[in-house]
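Naming: A, B, ... by sequence-line order, numbering from 1 per chain. The figures here come from the full heavy-atom set of this structure, side chains too, leaving out hydrogens, waters and symmetry mates.
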4 protein chains.
Amino acid sequence: MAGSTLGTLFSITTWGESHGPAIGVVIDGCPAGLPLSASDIQPYLNRRKPGQSRYTTPRKEDDTVEILSGIFEGKTTGTPISLMVKNTSQRSKDYTEIAAYYRPGHADYTYDQKYGFRDYTGGGRSSGRETIGRVAAGAIAAKLLSELGITVTAYTHSIGPVTIDYDRFDLSVMEQNAVNMPDPIAAKEAEAHLDACRARQDSCGGIVECVLKGLPAGIGDPCFDKLNANLAKSICSIGAVKGFEIGDGFAAAAACGSTNNDAFYMEENKVRKKTNHSGGVLGGISDGSDLIFRAAFKPTPSISAPQETVNKSGQNITISIHGRHDPIIVPRAVVVVECMAAITTLDLLLKTIPSRLDHLKTFFQNLSPM
Amino acid sequence: MAGSTLGTLFSITTWGESHGPAIGVVIDGCPAGLPLSASDIQPYLNRRKPGQSRYTTPRKEDDTVEILSGIFEGKTTGTPISLMVKNTSQRSKDYTEIAAYYRPGHADYTYDQKYGFRDYTGGGRSSGRETIGRVAAGAIAAKLLSELGITVTAYTHSIGPVTIDYDRFDLSVMEQNAVNMPDPIAAKEAEAHLDACRARQDSCGGIVECVLKGLPAGIGDPCFDKLNANLAKSICSIGAVKGFEIGDGFAAAAACGSTNNDAFYMEENKVRKKTNHSGGVLGGISDGSDLIFRAAFKPTPSISAPQETVNKSGQNITISIHGRHDPIIVPRAVVVVECMAAITTLDLLLKTIPSRLDHLKTFFQNLSPM
Amino acid sequence: MAGSTLGTLFSITTWGESHGPAIGVVIDGCPAGLPLSASDIQPYLNRRKPGQSRYTTPRKEDDTVEILSGIFEGKTTGTPISLMVKNTSQRSKDYTEIAAYYRPGHADYTYDQKYGFRDYTGGGRSSGRETIGRVAAGAIAAKLLSELGITVTAYTHSIGPVTIDYDRFDLSVMEQNAVNMPDPIAAKEAEAHLDACRARQDSCGGIVECVLKGLPAGIGDPCFDKLNANLAKSICSIGAVKGFEIGDGFAAAAACGSTNNDAFYMEENKVRKKTNHSGGVLGGISDGSDLIFRAAFKPTPSISAPQETVNKSGQNITISIHGRHDPIIVPRAVVVVECMAAITTLDLLLKTIPSRLDHLKTFFQNLSPM
Amino acid sequence: MAGSTLGTLFSITTWGESHGPAIGVVIDGCPAGLPLSASDIQPYLNRRKPGQSRYTTPRKEDDTVEILSGIFEGKTTGTPISLMVKNTSQRSKDYTEIAAYYRPGHADYTYDQKYGFRDYTGGGRSSGRETIGRVAAGAIAAKLLSELGITVTAYTHSIGPVTIDYDRFDLSVMEQNAVNMPDPIAAKEAEAHLDACRARQDSCGGIVECVLKGLPAGIGDPCFDKLNANLAKSICSIGAVKGFEIGDGFAAAAACGSTNNDAFYMEENKVRKKTNHSGGVLGGISDGSDLIFRAAFKPTPSISAPQETVNKSGQNITISIHGRHDPIIVPRAVVVVECMAAITTLDLLLKTIPSRLDHLKTFFQNLSPM
């Protein structure tokens with residue numbers, strides 16, 4: 001596909017720019033019969049929406065989702081679900097200056113190189129608003145997974161040098177602080193760090209962690225479509241993500257086999273693992289334990305401190321970026337990570353069904369020809 | 001696709017198990033006219049081959065490549081290139097015991113869950129020998145990239161706690177040590193660490209780093225097919241990889257925008273960057289600077305120290321894995337990473353061509369209808 | 001993909017039902033720099049629109065296209081183009097009766113079997129309105145092809161037993177009659193046949209022919225992605241199409257090699273063919289001559305004459321279908337065939353570019369790294 | 001994919017040229033647990049093999065299949081199945097003359113245009129031997145379908161002007177004549193027609209018909225992946241196929257709705273159809289009745305009668321093609337059509353499984369996390 005479609009059986013196609021009339025997504029392959037309304041999707045968009053805290057852009061957007069197709073009498077029909085969010089707060093005049101130069105850390109230069117020119121208003125397609133379609137689609141994927149007993153939960157793992165302490169881990173506090181951290185003390189430290197960054201006109205990076213619970217064993221294909229490989233693509237396709245790791249991740253590279261292997265044992269006639277260094281996959285296939293991964297986000301590239309760059313006339317210049325920008329991407333990106341994880345896992349889960357002839361026979365014995 | 005095919009225009013389909021008659025790959029979409037013979041491919045396979053150093057399994061395999069299709073009079077024809085390597089050192093009797101239980105850190109349990117049973121000889125499809133097809137295909141991708149002025153180079157970045165020092169970076173020493181490190185002093189420390197691991201019947205993880213030079217700006221698509229996203233999938237699809245990062249990667253999560261942004265400047269009428277924290281991509285598209293990424297490998301799960309696990313009868317048991325296993329995966333994985341990077345980058349490079357109408361018109365003006 | 005996406009490099013994803021709020025398409029992979037506005041697309045939609053003649057449903061729809069993304073300052077940006085047409089003439093009350101039974105020749109029964117239930121208003125996703133997205137996308141593909149010197153023209157070849165006479169072939173009269181036939185005499189006979197069908201509450205089938213001129217040689221891949229194979233899928237995916245043939249098609253099955261082969265000859269230093277029985281492809285690859293194919297459409301299944309069928313309670317019943325239906329599909333399907341041909345040919349044309357290393361080298365010599 | 005891979009969940013990748021060392025296929029996505037050995041595949045290859053009758057090339061090939069991967073202890077493992085057939089009767093010296101000119105009706109000219117040169121020995125990749133991979137893969141698809149109660153049967157429907165009479169239809173005689181016709185009288189007439197063609201150094205076209213029985217309702221996706229659309233692509237991708245039709249096909253274009261619609265009725269509490277003009281699909285989805293389609297094959301282009309053409313130096317010449325060629329393609333193509341139908345139907349059947357949430361829930365209730 002041409003790059004804006006992801007997935008094989010449950011696939012999403014996103015479209016839209018920051019300052020166009022609207023932004024949206026088409027979800028194809030959603031199984032029929034799922035009860036669905038805008039009220040299932042809007043809470044996810046609200047979590048992503050700007051203006052939720054003092055660390056997000058003051059740009060005002062309602063981000064109200066409209067369902068244009070695929071639902072009949074309150075249930076999905078199995079046909080494409082088209083979702084649209086209108087852009088209401090375009091301020092194109094902010095961007096005329098930006099058109100003339102390349103902002104460091106942004107995609108201005110690479111878009112110009114690839115396409116010959118670019119939509120410079122609000123970052124065009126490279127804007128963070130591109131994630132609206134991902135989140136709207138992810139809300140549906142998450143609801144479908146929950147019908148199968150699977151939950152997906154992401155949260156802020158670290159902001160700059162501040163990392164959560166698992167001894168204080170408490171999901172319930174996550175939405176009570178401005179940084180979406182499930183640790184009240186780390187949250188306060190992170191806010192202090194962010195305030196300091198902002199005071200010197202700077203921005204900050206961070207890490208999002210995501211956990212899937214209830215996943216059956218057997219999801220993922222052995223070779224290129226490993227569950228962790230597809231998650232890596234899906235998560236690294238979020239703008240500003242610079243790294244992905246599953247289970248112990250980069251720490252496993254410094255470990256020994258004796259400590260990194262997860263021992264199996266029997267409990268209540270079920271196979272269990274004593275530890276979960278692997279993060280829930282073995283050989284690219286889910287093992288039935290919690291799936292855990294992390295994504296590293298770079299600092300927001302738009303900062304108001306002076307920066308050196310070049311303009312389109314080929315001159316060295318110094319710029320200072322003003323406008324409406326988040327000093328940190330991570331808190332609003334939490335729901336994006338959660339949604340991409342749901343979309344990708346659901347797609348592989350659906351692909352897994354026909355992997356065994358005995359399962360196929362059971363499935364088809366209830367269907368019959370004329 | 002069903003999981004053993006990767007790529008859109010330059011695509012590879014791998015097949016084969018550790019102890020089957022052979023293992024191989026079909027490369028589809030290789031442009032016509034590339035001079036190619038087995039001598040272009042064999043050196044890559046030799047770098048991957050066991051028995052190269054005291055840290056690799058003593059299993060003896062020639063791993064001689066046979067070209068079965070796609071070449072005519074010494075050049076690629078544009079049709080599928082089928083490559084095969086015969087397995088010659090199968091020792092199935094080694095594996096009868098393994099059939100009865102689940103090795104920790106291996107895919108035994110997940111294959112059984114997914115497929116109902118598994119080929120337990122030598123790990124079957126989850127064996128490291130699965131990478132033979134990747135390496136054979138990668139040799140072709142790398143040759144094609146080199147015809148376009150692009151080089152791909154991977155090396156060992158760290159082994160356990162030992163990391164290379166860039167002040168001593170010297171690619172020429174990489175093949176003079178048993179760990180493929182481009183730093184002679186780190187290499188010796190790494191060997192000492194490996195010897196210690198082996199002495200206590202243990203294994204060790206590590207990190208591979210890879211650099212692509214000469215890549216033009218504009219490779220990669222803005223949304224899901226970002227160059228870094230597709231590389232993430234491709235690299236994380238290598239068995240034992242637990243993490244991927246590009247540029248500063250996870251370190252960027254702890255950084256500030258002011259230090260993480262790469263300033264543009266003009267030099268000899270060309271746009272350049274003062275630093276390369278981004279690792280060569282902006283907005284998922286190559287910016288023309290060096291592309292740099294790293295992959296984290298977990299320790300070899302097969303260790304001869306005793307481990308707890310369960311057998312297929314549902315009993316808790318203690319096992320000790322004997323047989324032919326590398327104490328570390330990384331040195332032999334270096335060429336695998338290099339090859340996957342070449343394959344994925346070439347595929348996106350080919351997809352990039354029709355991104356501009358002006359380029360298309362130039363291209364087609366030389367072609368004409370009857 | 002899940003079935004509503006077509007194409008690899010130039011791909012389209014359609015969505016929408018007959019009686020939902022809107023219907024639309026996302027086009028991904030359109031090269032950047034193509035001048036494009038609604039005025040390029042609307043004329044194609046107008047050709048498809050109901051109410052154009054006395055043989056089309058009196059349902060009133062403006063079918064006005066809105067461009068929601070992908071255009072900046074009047075040109076395509078290379079990012080997804082989202083097009084939407086609002087449904088304005090839904091009359092859901094017409095369809096309550098239909099909900100209870102299965103109309104012969106319609107997809108009512110198969111949707112219920114596949115999805116467990118169906119959107120019965122206006123045929124839902126199986127409505128002819130589903131082609132709106134195809135036509136809107138095809139208008140863009142056709143414009144892009146025309147920039148490369150390629151034209152796509154479809155017309156009515158036959159209606160019931162009435163077929164055009166190539167001795168009277170005149171494209172200019174095609175839009176002057178109600179059946180889109182490029183033969184004024186056949187058009188009159190066809191209209192008389194249609195009037196007779198309608199008088200007995202019946203409907204009628206027909207054939208659309210399509211010609212592509214200016215196509216360079218070399219488009220299409222040798223094995224599964226033959227140009228004619230991909231066209232066959234694309235055309236047969238139009239509702240009501242029951243057959244596809246290229247060149248002499250089924251007539252070739254009754255021919256001999258001596259008459260069916262097209263002799264090559266030289267003219268003005270160019271290779272030409274004396275005949276075109278092949279329809280412009282050899283081995284699945286365009287040969288540079290006109291590409292010619294035909295599509296057979298079944299009669300409109302909705303007729304007001306009484307028909308036997310069953311209801312959802314499992315009773316045999318007799319029905320008579322009222323409502324707004326065309327007595328023939330073909331005249332409005334002409335533009336749909338043209339558009340699907342443009343979309344599929346463009347996609348393969350873009351895929352063809354990297355088929356030769358010499359072409360690749362020429363292409364990349366103008367691009368350079370930093 | 002680059003054109004030699006077909007299918008989404010059950011996918012095949014073919015490779016090989018007429019005169020290379022071997023020819024083969026990789027099947028990916030075959031469900032695990034299917035009993036499979038070479039004896040399931042060889043009979044299909046034998047039906048395709050040359051030398052079966054006086055109407056096939058005297059080229060001697062054993063076409064013995066070798067299974068290289070994907071089977072363990074007599075059953076499929078769910079991993080890629082690699083099949084190879086060695087070419088044993090290459091006679092390259094036959095083809096040196098052909099290298100210098102373009103044979104009418106062959107792909108010589110188009111390959112040269114697309115790739116810059118071609119493998120001219122035995123037609124290279126455009127040879128009929130390319131279908132070996134399709135047949136080997138189709139044998140597996142057919143076996144899997146038969147496990148689900150679905151049969152696929154193709155036969156010769158017509159040769160030149162001679163067509164079978166359904167009143168004499170008898171599948172048991174099909175393998176008793178040289179033309180694979182299920183009508184003993186038509187078979188004799190067809191043989192007489194073929195003898196006459198050969199006497200004047202000419203060749204002949206024909207039609208293959210294929211029937212699938214036992215298919216449950218619900219297979220196929222509503223939009224681009226209609227069952228008939230995917231079959232159209234799959235069948236038209238066979239070399240020499242010029243047309244595809246399902247059910248009444250082109251005859252439906254001349255029919256009326258009142259006769260073309262298939263009336264539903266109840267029998268033994270099941271929905272049935274009184275007729276099957278639709279050929280087993282409605283709205284692109286199987287309706288549970290027999291699926292019936294036809295493929296038109298052009299005459300063998302290689303004839304020994306003199307033909308006009310051009311050589312690579314741009315001169316008009318007259319040629320006469322000698323060598324080993326079938327005077328008709330159809331009898332050996334019967335098994336190819338059957339195999340492509342099996343492959344494509346199986347793929348869509350597997351994709352159909354997750355179309356309903358209620359089915360998904362039932363499926364997953366038996367699987368559970370750790």
Q.
Among A/Thr76, A/Thr79, A/Ile23, which residue has the highest count of heavy-atom pairs closer than 4.5 Å to chain C?
A.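 Among the listed options, the one with the most contacts to chain C is A/Thr79.
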Q.
Once you measure the plane-to-plane angle for C/Phe117 and A/Phe72, does it fall in the parallel (<30°), tilted (30-60°) or perpendicular (>60°) bin?
A. parallel
Please classify the contact of [X] with chain C as side chain, backbone, both or neither, using a heavy-atom distance under 4.5 Å.
X: A/Lys75; result: both
X: A/Glu73; result: side chain
X: A/Tyr115; result: both
X: A/Ile67; result: backbone

Q: Please list, in residue-number order, every residue in residues 140-148 of chain A that has a heavy atom less than 4.5 Å from any heavy atom of chain C; write 'none' if there are none.
A: none
If every non-hydrogen atom of [X] is compared with every non-hydrogen atom of [Y], which pair is closest and at what distance?
X: C/Thr345; Y: C/Leu227; value: OG1-CD1, 4.3 Å
X: C/Ile219; Y: C/Leu349; value: CG2-N, 3.7 Å
X: A/Ala137; Y: A/Ile27; value: CB-CG1, 3.6 Å

Q: Return yes if a side-chain donor-acceptor contact under 3.5 Å exists between A/Ser237 and A/Arg134, otherwise no.
A: yes
Q.
Within the 3.5 Å criterion, strictly below it, is a donor on A/Thr77 or C/Asp119 matched to an acceptor on the partner's side chain?
A. no
Q.
Salt bridge or not between A/Asp63 and A/Arg129? Use side-chain N to carboxylate O under 4.0 Å.
A. yes
Q: Go through the steps for C/Arg125 and C/Thr14 under the test side chain to side chain donor-acceptor pair (under 3.5 Å), then give the verdict.
A: CA-CA 10 Å; C/Arg125 180 76 174 152; C/Thr14 66; 2.9 Å; yes
